[in-house]
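Counting starts at 1 for both ligands and their atoms, in listed order. Hydrogens, waters and symmetry mates play no part in the numbers below; they use all other heavy atoms, side chains included.
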Amino acid sequence: MATIVHDFRSDTVTRPDAAMRAAMAEAPVGDDVYGEDETVAALEARVADMTGKAAGMFVPSGTQSNLLALMSHCERGEEYIAGQEAHAYKFEAGGAAVLGSIQPQPIENAPDGSLPLDKITAAIKPDDIHFARTRLLALENTIGGKVLPQTYVEEATALARQAGLATHLDGARIFNAAVASNRSAKDLAAAFDTVSVCLSKGLGAPVGSVLVGSPEFIAKARRLRKMVGGGMRQAGIIAAAGLYALENNVERLADDHARARRLAEGLARHDGLDVELPQTNIFFLRADPAIGERFADHMAAAGIGVSGRYGQQRWVTHKDIGDEAIDAALDAAARFFAAA
Ligand SMILES: *Cc1c(COP(=O)(O)O)cnc(C)c1O
């Protein structure tokens with residue numbers, strides 16, 4: 001495999017810079033399983049405050065955060081509604097089913113990432129001994145780099161509440177959604193009972209997510225976190241990176257979005273590349289089948305790292321992608337089409 005010089009595969013590939021590492025080195029710590037790590041407590045309080053919830057819990061990953069949310073909302077034999085493309089359903093190894101005995105009820109996502117209201121209604125089971133009890137609606141924002149329309153979020157969560165369902169937001173990239181839509185994370189989180197926020201995506205921390213909700217909900221989730229092995233000791237070392245990221249790396253997400261847009265527009269100029277212009281830091285590109293494989297090989301040989309899955313390429317901008325990386329990718333693409 002060719003060496004990757006400019007890494008567009010994911011916003012998880014960022015490395016902590018010197019200032020973030022200094023914050024980690026200096027963090028006061030304690031045993032967080034005993035509730036004695038003040039840096040973890042500060043991070044939990046900060047994310048709770050930024051999302052307008054009363055309590056938060058630091059966890060090692062977004063996958064564990066979603067799992068604990070699903071297991072806290074749903075008992076064994078109950079079900080949650082989520083999109084076919086939802087990370088919590090499709091990309092988390094079926095954890096809720098395996099570890100929580102929770103049945104997923106997936107619904108086809110609309111092109112904008114939403115779950116059509118009539119399909120949600122149709123999927124909610126009546127109280128009947130034949131059915132699993134429907135407990136939860138789980139949405140994701142951003143999803144595939146797209147921001148869910150806020151009016152949709154309000155309608156879908158109102159529908160869920162009327163049917164007696166709880167609501168969870170996989171807000172792994174909620175700050176991308178907030179920056180792109182010029183709303184606060186608090187506004188985007190307001191309609192949901194619980195929210196999961198990733199620190200290790202565009203925010204650039206090395207590890208960690210925070211699950212937020214009511215104090216009672218978080219107390220339940222804390223017991224489950226211990227059960228799945230997510231109780232961490234002097235975790236302030238990594239929580240400090242999350243705090244640093246929230247202080248320093250939220251507003252700069254706008255730069256990632258602008259760079260993604262310049263890159264997508266540049267690539268879209270070439271016949272043979274079908275590019276959907278990004279709303280945030282992620283976009284997908286489909287190359288004409290006649291050139292797809294050669295184009296992918298050419299870009300890889302030029303040191304441009306892209307994830308190619310499911311018949312398309314996914315391009316992601318992040319903290320460690322600067323203007324020179326965008327130029328390098330556009331130059332490499334231009335050389336390919338000049339030679340073709
Ligand atoms: C990355 C991601 C997760 C999971 O986070 P990990 O820390 O990789 O486990 C969950 N949901 C969404 C939408 C994500 O992008």
Side-chain angles (χ1 to χ4, degrees), residues 7-16 43 47 51 56-71 73 80 82-96 98-100 104 106 109 112-115 136-148 153 167-180 185 188-189 192 194-212 221 224-225 228-230 232 235 238-239 241-242 245 253 256-257 260 278-284 307 309-310 314-319:
D7 198 343
F8 293 91
R9 290 173 303 164
S10 174
D11 48 8
T12 55
V13 301
T14 58
R15 293 179 174 88
L43 173 65
V47 178
T51 52
M57 178 179 67
F58 186 45
V59 288
S61 69
T63 298
Q64 188 175 107
S65 189
N66 281 330
L67 172 67
L68 298 179
L70 293 169
M71 287 177 70
H73 281 296
Y80 69 102
Q84 286 282 4
E85 301 305 321
H87 200 285
Y89 168 63
K90 189 171 178 181
F91 298 105
E92 297 181 6
V98 176
L99 301 168
N109 293 87
D112 68 357
S114 66
L115 307 181
L136 176 73
L137 174 67
L139 299 178
E140 183 176 316
N141 197 13
T142 63
I143 177 160
K146 292 176 184 170
V147 182
L148 286 181
V153 168
T167 52
H168 173 68
L169 177 66
D170 180 352
R173 296 188 181 83
I174 191 173
F175 288 106
N176 292 90
V179 166
L188 300 186
F192 296 91
T194 59
V195 183
S196 170
V197 178
C198 282
L199 304 164
S200 58
K201 301 285 168 80
L203 296 183
V207 185
S209 287
V210 178
L211 177 63
V212 296
L224 293 166
R225 182 184 69 175
V228 301
M232 298 182 286
I238 49 177
L253 293 172
D256 296 344
H257 299 176
Q279 298 176 17
T280 61
N281 66 324
I282 300 176
F283 65 90
F284 294 88
S307 57
R309 292 197 295 185
Y310 321 118
R314 187 183 76 155
W315 292 70
V316 186
T317 57
H318 51 75
K319 184 177 72 64

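Proximity annotation for atom 12 (C) of ligand 1: of S200, G62, A172, G144, A172 comes nearest, heavy atoms only.
Proximity to T63 (heavy-atom distance under 4.0 Å) selects the following atoms of ligand 1: 4 (C), 5 (O), 6 (P), 9 (O). Counting the atoms of ligand 1 from 1 in the order shown, those under 4.0 Å from a heavy atom of S61 are 7 (O), 9 (O). Atoms of ligand 1 lying under 4.0 Å from at least one heavy atom of R173, given by number and element, are 15 (O). Distances below 4.0 Å separate heavy atoms of N66 from the following atoms of ligand 1: 10 (C), 11 (N).
Closest to atom 13 (C) of ligand 1, if we only count protein heavy atoms, is E140 OE2, 3.2 Å. Ranking the protein heavy atoms by distance from atom 1 (C) of ligand 1 puts K201 NZ, 1.3 Å first. Summary of contacts: the protein heavy atom closest to atom 11 (N) of ligand 1 is D170 OD2, 2.6 Å.
Rounding to the nearest 0.5 Å gives a distance of 5.0 Å between OG of S10 and CZ of R314. Atom CG of residue D170 and atom CG of residue L139 lie 10.0 Å apart, to the nearest 0.5 angstrom. Taking NZ from K146 and CD1 from I282, the interatomic distance works out to 11.5 Å, rounded to the nearest 0.5 Å.
Residue Q64 places no N or O, backbone or side chain, under 3.5 Å from any N or O of ligand 1. In terms of polar-atom proximity, S209 is not counted as a contact of ligand 1, lacking any N or O under 3.5 Å from an N or O of the ligand.
In terms of modelled atom types and a separation under 3.5 Å, the side chain of R9 and the main chain of W315 share no donor-acceptor contact. In this structure a side-chain-to-backbone donor-acceptor pair under 3.5 Å is present from Q279 to V147.
Side-chain contact check for R173 versus T280: every heavy-atom pair is 4.5 Å or farther apart.
N66 and H168 share a side-chain donor-acceptor pair at under 3.5 Å.
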